[in-house]
Amino acid sequence: MSTKSILGFDSLNRTDIIGLLNSQGDDKVTLYDYAEKVKRLTIGSKVFLRGLIEFSNYCEKDCFYCGIHKSGSVDRFCLSDSDILNAVKFAHLNGFGSIALQSGECSTKGFIMKVDSILRECKRLTNNEIGITLSCGEQSMDVYKRWFDSGADRYLLRIESSSESLYRKIHPDNEKHSFKNRLNALENLKSCGYQVGTGVMIGLPFQTVSDLTDDLLFMKQLDIDMCGMGPYIEHHETVLYDYRNELWPLNERLEMTYKMIAILRILMKNINIAATTALQVIDPLARERAISIGANVIMPNITPKGASNNYTLYDNKPLASYYNIDELSALEERLLASGHTIGYFTQGNSLHYLPPVVKPSSHDIHQE
Ligand code: 5AD
């Protein structure tokens, strides 16, 4: 069936999605155009910025794809509070409505308290104006609650792959890397009241189009508010590097990522979808391309120069530039050329998100 007739349906089923993921040529262009139209009609053409601060590469996990895994040899760093808060001030002053604080996974008391106080300071320094996305891995329900109460608005925890058998192939087989725990963590985040995001890597060894189809259906079923997904890029010091000759070529991983973004936009019309950094490794203009086929969030890396060069999730990761205003203007011009504007000085929350219903307290009832 052609893409045109598939897109005529109101809802896409598994077979439709497989058809769309396999589309080529004009069919693929039709998919991209349709997704972009859906975006403009539902959430409009504004692009929201999240200043990305990769503040620590200490990690307790040993994921087979990731360059900052625990037993890797990368030099470790954790930014000082003042370095982090200076980056936050920079973001706020320049109209980035939100920041994203990202790190390796750490469960020490010191780390939990550090994040907690950074969150409070971020809100205090910006009169509660800055939106905060956290991405610090799996934590206990108590920690998620504490960070939410201290000011985190959103949490991004990628499922990495929604196929349990593939998940097991890309992680060590132990309690620290349990698929069930990751699912639980996502459920816990939802019940705390966060805007919850997840995502997957695209083009992993052993991954099939059928797996990617299930990933999209998983996100729909979980009813996420946001998504960040990107191509898998090999890292020379990981277990999966041994499979580098079996991967889809980089340009196919890139196109498959575009298709995933476009289909997700059609499946979940009003969520936030990020044009992620890994796209840039394959093509320097790939984030802008992703924005023109359904994505609506860009995360310029504003991590201070120096230590952060060691946040090496994969080979050839672009260095942070402690965001350069000239770069921002150039990005803005390219977005304008495709009919997009940047939503400055606004958090750009997910329109899909429904805040938890708070039961009125007896005090409120009394007042009425
Ligand atoms: N290629 C692409 N993305 C990666 N990530 C980690 N390692 C890689 C890699 N080799 C992604 C994971 C993680 C996020 C922070 O970075 O999806 O959740």
Side-chain angles (χ1 to χ4, degrees), residues 50 52-72 74 100-106 133-139 154-163 166-167 169-172 176-177 179 181-183 185-186 189 196-207 211-212 215 218-219 224 226-244 246-250 252-254 256-257 260-261 273-283 286-287 290 297 299 301 303 308 310-318 320:
R50 279 88 177 88
L52 174 63
I53 306 171
E54 296 166 329
F55 67 93
S56 159
N57 69 352
Y58 284 93
C59 193
E60 295 169 356
K61 290 207 163 168
D62 257 324
C63 306
F64 292 163
Y65 42 85
C66 185
I68 64 165
H69 63 280
K70 182 172 187 254
S71 38
V74 65
L101 293 170
Q102 194 176 98
S103 71
E105 201 170 297
C106 218
T133 305
L134 269 189
S135 186
C136 303
E138 287 167 46
Q139 302 286 346
R154 324 183 184 105
Y155 206 102
L156 189 61
L157 181 72
R158 289 188 178 179
I159 188 70
E160 313 297 359
S161 168
S162 67
S163 149
L166 178 54
Y167 192 93
K169 289 186 186 135
I170 62 173
H171 295 97
K176 195 94 194 124
H177 299 82
F179 183 69
N181 289 350
R182 201 149 186 97
L183 286 180
L186 281 165
L189 287 165
V196 175
T198 194
V200 295
M201 283 171 286
I202 295 155
L204 284 160
F206 325 115
Q207 192 178 43
D211 291 327
L212 292 170
D215 290 338
F218 169 84
M219 293 185 225
I224 54 167
M226 351 180 270
C227 176
M229 55 188 167
Y232 163 71
I233 313 276
E234 42 290 44
H235 184 284
H236 62 279
E237 207 192 13
T238 55
V239 171
L240 292 187
Y241 197 62
D242 288 352
Y243 300 90
R244 61 191 177 282
E246 294 168 31
L247 299 171
W248 296 336
L250 281 174
E252 280 179 32
R253 282 179 249 167
L254 183 64
M256 197 54 94
T257 304
M260 291 285 284
I261 290 173
I273 304 181
T276 55
T277 314
L279 284 163
Q280 257 180 301
V281 177
I282 305 183
D283 173 352
R287 291 178 313 166
V297 166
M299 302 166 70
N301 195 333
T303 311
S308 63
N310 290 325
Y311 202 83
T312 42
L313 302 174
Y314 37 82
D315 290 339
N316 305 318
K317 186 164 170 285

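This chain uses plain numbering: 1 for the first residue, then up along the sequence. Only this structure's heavy atoms are used, side chains among them; waters, hydrogens and symmetry mates stay out. Start at 1 and go down the list; that is how both ligands and their atoms are numbered.
- Rounding to the nearest 0.5 Å gives a distance of 10.5 Å between CD of Glu105 and SG of Cys66.
- Salt-bridge annotation for Glu234 and Arg244: absent, with no side-chain N of the basic residue lying under 4.0 Å from a carboxylate O of the acidic one.
- Every residue was checked against the salt bridge (Lys or Arg N to Asp or Glu O under 4.0 Å) condition with Lys70, not counting sequence neighbours, and none meets it.
- Here NZ of Lys61 is found 6.5 Å from NZ of Lys176. Values are rounded to the nearest 0.5 Å.
- Remark: minimum distance from atom 15 (C) of ligand 1 to any protein heavy atom is reached at Gln102 OE1, 3.8 Å.
- Against a heavy-atom cut-off of under 4.0 Å, Arg158 is close to the following atoms of ligand 1: 11 (C), 12 (C), 17 (O), 18 (O).
- Heavy atoms only, all atoms of each residue included: Met260 and Asp215 are closest at CE-CB, 4.2 Å.
- Atom 10 (N) of ligand 1 has Ile233 O, 2.7 Å as its closest protein atom, hydrogens excluded (heavy atom only).
- The nearest heavy-atom contact from the protein to atom 12 (C) of ligand 1 is Glu160 OE1, 3.3 Å.
- Remark: minimum distance from atom 16 (O) of ligand 1 to any protein heavy atom is reached at Leu313 CD1, 3.5 Å.
- Look at Pro231 and you'll find a heavy atom under 4.0 Å from some atom of ligand 1.
- Under a 4.0 angstrom heavy-atom cut-off, Met201 registers as being in contact with ligand 1.
- Atom numbering of ligand 1 starts at 1 in the shown order; those under 4.0 Å from a heavy atom of Tyr65 are 6 (C), 7 (N), 9 (C), 10 (N).
- A side-chain donor from one of Gln102 and Tyr311 sits under 3.5 Å from a side-chain acceptor of the other.
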